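Following: one structure in structure tokens, then a few remarks.
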There are 2 protein chains.
Amino acid sequence: MGALTKIRKADTLAKAPVVKAPKAKAPLDLPLGKILSGDCIEAMRSLPDNSVDLVFADPPYNLQLGGDLNRPDGSQVDAVTDEWDRFDSFATYDKFTREWLVEAKRVLKPDGALWVIGSYHNIYRVGAILQDIGFWILNDIVWRKSNPMPNFRGTRFTNAHETLLWASTGEKARYHFNYTAMKTLNDELQMRSDWVLPICNGGERLKKDGHKVHPTQKPEALLYRVLLATTEKGDVVLDPFFGTGTTGAVAKRLGRNWIGCEREDGYRGAALERIESALPLDESALKTMQSRKSAPRVAFGSLVEAGFIAPGTQLFDKKRRFSATVRADGSLESGTEKGSIHGVGKNLQGAPSCNGWTYWHLEHEGDIKPLDALRQTYLLAIED
Amino acid sequence: MGALTKIRKADTLAKAPVVKAPKAKAPLDLPLGKILSGDCIEAMRSLPDNSVDLVFADPPYNLQLGGDLNRPDGSQVDAVTDEWDRFDSFATYDKFTREWLVEAKRVLKPDGALWVIGSYHNIYRVGAILQDIGFWILNDIVWRKSNPMPNFRGTRFTNAHETLLWASTGEKARYHFNYTAMKTLNDELQMRSDWVLPICNGGERLKKDGHKVHPTQKPEALLYRVLLATTEKGDVVLDPFFGTGTTGAVAKRLGRNWIGCEREDGYRGAALERIESALPLDESALKTMQSRKSAPRVAFGSLVEAGFIAPGTQLFDKKRRFSATVRADGSLESGTEKGSIHGVGKNLQGAPSCNGWTYWHLEHEGDIKPLDALRQTYLLAIED
DNA sequence: GAGGGAGTTGAATCTGACT
DNA sequence: GAGTCAGATTCAACTCCCT
């Protein structure tokens with residue numbers, strides 16, 4: 001019920017009288033609701049100056065992948081190897097980036113704004129270049145994926161997020177931010193710069209003959225939040241890398257106008273079909289918009305890291321049959337047993353399982369208390 | 001029982017002789033445990049090439065704060081507001097960034113690594129420049145603050161995170177990642193690229209006369225994770241923007257060597273005092289879960305040779321789809337397939353690769369167990 | 001129909017020791 | 001330095017099939 005309330009309220013806000021002076025109407029010759037074909041830089045050159053309210057761009061990431069990657073079970077990862085993601089060098093990628101960003105700045109109204117999404121492969125180049133051009137970064141937003149692909153080789157941290165940049169057309173430029181709508185969407189707390197959203201799969205993912213139509217389709221929830229936060233009803237949104245049209249579909253649902261650019265015929269066709277069937281906002285599957293808020297999972301290691309419990313501390317069970325020493329990485333050591341608080345408790349007892357949080361205790365000023373008490377203290381400390 | 005096996009093994013491995021060649025000792029003339037005064041670029045120039053294992057840098061963030069920035073000639077950058085000068089300011093910041101990054105790359109050992117922390121004001125410039133210099137980004141890490149400062153004016157999203165870049169010295173360069181320690185620290189799940197940690201306050205925050213000593217003191221938990229993940233005991237960690245010495249304090253606790261650079265006398269004094277009172281962890285608490293990768297290799301043939309498995313023994317996969325016979329030289333035979341435990345498993349399945357230790361099983365007193373269990377027994381037997 | 005188990009999949013810069 | 005090959009490595013969410 002919370003979700004429904006939230007969305008209704010956001011809807012109301014979108015319709016509320018706008019405080020600022022009414023905007024100039026979009027020129028009649030803008031190709032609203034059209035996907036321009038060909039190279040996006042050329043296509044954007046066909047648009048007049050100062051004509052769009054928002055640019056949302058999901059450019060190629062320049063992944064620079066090496067050989068094949070197999071999962072531990074032997075299956076192969078379906079990598080992004082499309083021709084459109086291949087660039088000779090950083091210099092080539094930078095030139096391309098600068099050109100489309102310059103066009104984006106030209107077509108944007110002075111009070112318009114830019115969004116770009118990327119990963120560590122490209123976002124630092126994009127960010128530096130847009131600053132060079134004169135865009136003014138308002139926030140960087142982290143999309144924390146609730147279900148990212150793991151790091152199958154155990155060589156790095158799981159790459160569990162992507163980054164969005166939100167920028168105005170200049171340091172002194174005005175821009176639009178629907179503060180109240182965002183606060184409402186976030187249970188009456190200010191919307192933060194980190195957004196937890198699932199990746200796009202399930203029924204939302206476009207498929208043809210069992211295969212995904214586009215390798216990098218973005219979730220509608222992401223665009224929903226972007227458009228709700230930084231556009232008004234009737235605004236014109238331009239997406240230079242339209243792909244399968246997530247931007248267009250969400251724009252239609254939210255009553256925004258859209259223009260797309262897309263080179264690939266296949267993507268254009270899929271996008272038009274998809275947007276055709278998108279329903280303007282009311283009852284359409286809004287529940288997918290909300291990220292589930294669940295109790296934050298706490299790793300025992302976090303408590304060690306945060307200094308709530310020192311490496312070297314002795315733990316024991318309630319009856320003091322066993323004891324164990326905390327190590328630097330949050331593992332326990334007890335005789336020859338080493339491992340997590342749960343695993344060591346389990347093995348020492350010869351039990352099928354063990355909840356280390358309630359099994360292990362520590363002595364504190366003469367008192368004996370379970371680890372779980374410490375976890376509660378930690379949760380209170382990190383609470384927002 | 002699986003867990004037990006694994007833990008026993010890790011224990012064994014931790015005690016086993018290290019396979020790789022021991023690292024070169026740090027040159028005797030390195031100023032370990034010292035804070036170099038003056039400009040960090042000059043200070044770094046006094047250090048020899050290829051001498052440190054890790055650089056952790058928390059450079060000045062704010063481009064507008066001229067006071068924090070000096071031109072290479074020592075003159076101070078004025079605070080600037082208009083557009084033309086802003087470009088000048090970016091250029092100056094870029095030059096400064098490039099200079100300290102070039103020095104960092106020079107002093108790093110080839111298998112060393114760099115960490116930089118920043119916000120959207122500077123991190124895109126830092127990221128692009130370090131890529132230009134040849135550093136290879138391994139991950140970007142988002143420090144998700146559990147208690148950020150709200151956006152008081154309601155004009156943007158709450159700026160609730162900072163970004164860290166982790167980079168090796170080049171695309172092909174080797175680097176160190178304590179995968180297993182990170183996984184242990186995160187309750188047996190891979191550590192992700194988004195880290196939820198509180199900001200530095202409470203007793204940890206250095207104060208003098210009721211005022212914070214340093215405006216941007218980083219939490220020790222952040223450095224704890226960085227150092228545990230990417231350094232070994234005894235490694236040399238250089239922090240060119242030492243501030244109040246969080247890096248030094250955590251390095252000392254974790255048994256790493258440190259070198260700092262810091263211009264401000266006040267910070268240097270506070271840092272030295274703080275590090276003096278930091279307590280190193282004792283030997284046993286410092287130990288962490290060892291990755292299997294550093295295990296001494298065992299040839300399957302050794303097990304046959306030592307009588308742990310008899311030639312003629314039948315092996316089969318878990319689903320009993322395939323079986324194979326052990327031959328006297330430690331090879332397997334299955335129909336026309338002959339070869340190593342890995343090769344035969346691979347070819348029978350038509351898989352790209354196969355770990356024979358976990359793929360092949362044998363029957364033992366009614367139980368079915370993988371070859372890997374036998375390997376553990378063997379490892380225990382040959383110990384000492 | 002509900003629930004369980006097996007199988008599949010997602011923007012991935014994904015090995016290293018030895019010959 | 002290139003080639004060879006042992007062998008280490010995955011999480012959440014969805015789909016499909018079977019009780």
Side-chain angles (χ1 to χ4, degrees), chain A residues 58-82 84-87 90 117-123 143 145-163 198-205 207 210-212 214-219 241 243 292, chain B residues 19-21 111 131 135-140 167-168 170-172 174-175 177 179-180 183 186 188-193 291-301 319 330 339-343 345-346 351-360 371-372 375:
Chain A
D58 182 10
Y61 287 8
N62 188 22
L63 288 186
Q64 309 164 73
L65 299 179
D68 290 342
L69 178 64
N70 291 314
R71 297 189 173 81
D73 66 6
S75 64
Q76 193 169 98
V77 174
D78 182 18
V80 177
T81 51
D82 306 66
W84 51 253
D85 195 45
R86 283 201 286 270
F87 295 84
F90 279 138
I117 182 168
S119 66
Y120 67 83
H121 309 85
N122 70 325
I123 200 67
W143 167 26
K145 301 180 184 182
S146 54
N147 49 350
M149 187 168 7
N151 183 295
F152 294 113
R153 303 298 295 267
T155 53
R156 303 183 182 186
F157 298 97
T158 301
N159 197 4
H161 73 276
E162 292 186 25
T163 302
I199 60 177
C200 180
N201 59 12
E204 189 186 321
R205 186 87 194 207
K207 300 218 169 135
H211 298 290
K212 55 192 175 190
H214 194 285
T216 70
Q217 186 182 337
K218 295 294 176 288
F241 307 94
R292 298 258 180 290
Chain B
V19 173
K20 65 188 170 186
D111 63 347
Q131 285 181 315
F135 280 108
W136 192 249
I137 297 178
L138 298 167
N139 276 117
D140 57 349
S168 65
E171 178 175 359
K172 308 289 184 191
R174 306 192 51 176
Y175 59 91
F177 180 52
Y179 174 75
T180 313
K183 195 170 175 180
N186 194 36
E188 304 304 324
L189 289 178
Q190 285 191 339
M191 188 67 81
R192 299 169 37 121
S193 58
S291 166
R292 241 178 140 157
K293 275 180 188 164
S294 49
R297 271 169 64 160
V298 173
F300 180 63
K319 295 179 185 167
S340 72
I341 54 173
H342 315 291
K346 185 183 88 154
S353 72
C354 170
N355 182 341
W357 291 110
T358 52
Y359 182 73
W360 292 111
L371 284 187
D372 202 39
R375 175 165 59 164

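If you're wondering where the values come from, they're calculated on a predicted model, not measured in any experiment. Chain letters run A, B, ... following the sequence lines, proteins first, then strands; residues in each count from 1.
Across all strands, B:N139 comes closer than 4.0 Å to no nucleic acid atom at all (heavy-atom distances). If you check every strand for non-hydrogen atoms under 4.0 Å, A:T216 touches a base. Looking at heavy-atom distances under 4.0 Å, A:W143 makes no contact with the nucleic acid at all. Residue-level contact check: A:K218 touches the bases, meaning some heavy atom is under 4.0 Å from a base atom. Residue contacts shown for A:N62 are absent, as no nucleic acid heavy atom lies under 4.0 Å away. If you check every strand for non-hydrogen atoms under 4.0 Å, A:G67 touches a base. Among the protein residues, B:L138 comes within range of no part of the nucleic acid, since none of its heavy atoms lies under 4.0 Å from any strand. Within 4.0 Å of A:P219, counting heavy atoms only, lies no atom of the nucleic acid at all. Residue B:N355 is classed as a base contact, given a heavy-atom separation below 4.0 Å to a base. Counting non-hydrogen atoms under 4.0 angstrom, A:S146 reaches the backbone sugars and phosphates but no base. Residue A:N201 is classed as a sugar-phosphate contact, given heavy-atom separations below 4.0 Å to backbone atoms only. Note on B:S340: only backbone sugar-phosphate atoms sit closer than 4.0 angstrom, heavy atoms only; bases stay farther off.
For C:dG10, the OP1/OP2 oxygens have a side-chain nitrogen or oxygen of A:K212 closer than 4.0 Å. A close approach under 4.0 Å does not occur between any side-chain nitrogen or oxygen of B:R297 and OP1 or OP2 of D:dC5.
B:Y359 places none of its side-chain heavy atoms less than 4.5 Å from the side chain of B:D372. Residues B:R192 and A:P148 have side chains in contact (heavy-atom distance under 4.5 Å, counting atoms from C-beta outward). The side-chain heavy atoms of B:W357 and B:H342, taken from C-beta on, include a pair separated by under 4.5 Å. Considering only heavy atoms from C-beta on, A:W143 comes within 4.5 Å of A:P219 through its side chain.
Nucleotides D:dT10 and C:dT8 place their C1' atoms 13 Å apart, quoted to the nearest Å. Comparing C:dG7 with C:dA11, their P atoms are spaced 24 Å from each other, to the whole Å.
Formation of a donor-acceptor pair under 3.5 Å by the B:Q190 side chain with backbone atoms of A:N151 is found in this model. At least one donor-acceptor pair closer than 3.5 Å links the side chain of A:D73 to the backbone N or O of A:S75.
By the 5.5 Å and 30° criteria, B:W136 is stacked with the base of C:dT13.
For C:dT13, the base has a donor-acceptor partner in the side chain of A:R156 [N/O atoms by modelled type, under 3.5 angstrom]. The base of D:dA6 lies outside donor-acceptor range of the side chain of B:K346, with no N or O pair under 3.5 Å.
Taking the side chain of A:M149 as heavy atoms from C-beta on, and the options D:dA13, D:dT10, C:dA11, the nearest nucleotide is C:dA11.
A 3.5 Å limit on both hydrogen-bonding distances identifies no Watson-Crick or G-U partner for D:dT10.
Residue order along DNA chain C, read from the 5' end via each residue's closest nucleotide, puts A:S75 first among A:S75 and A:D68.
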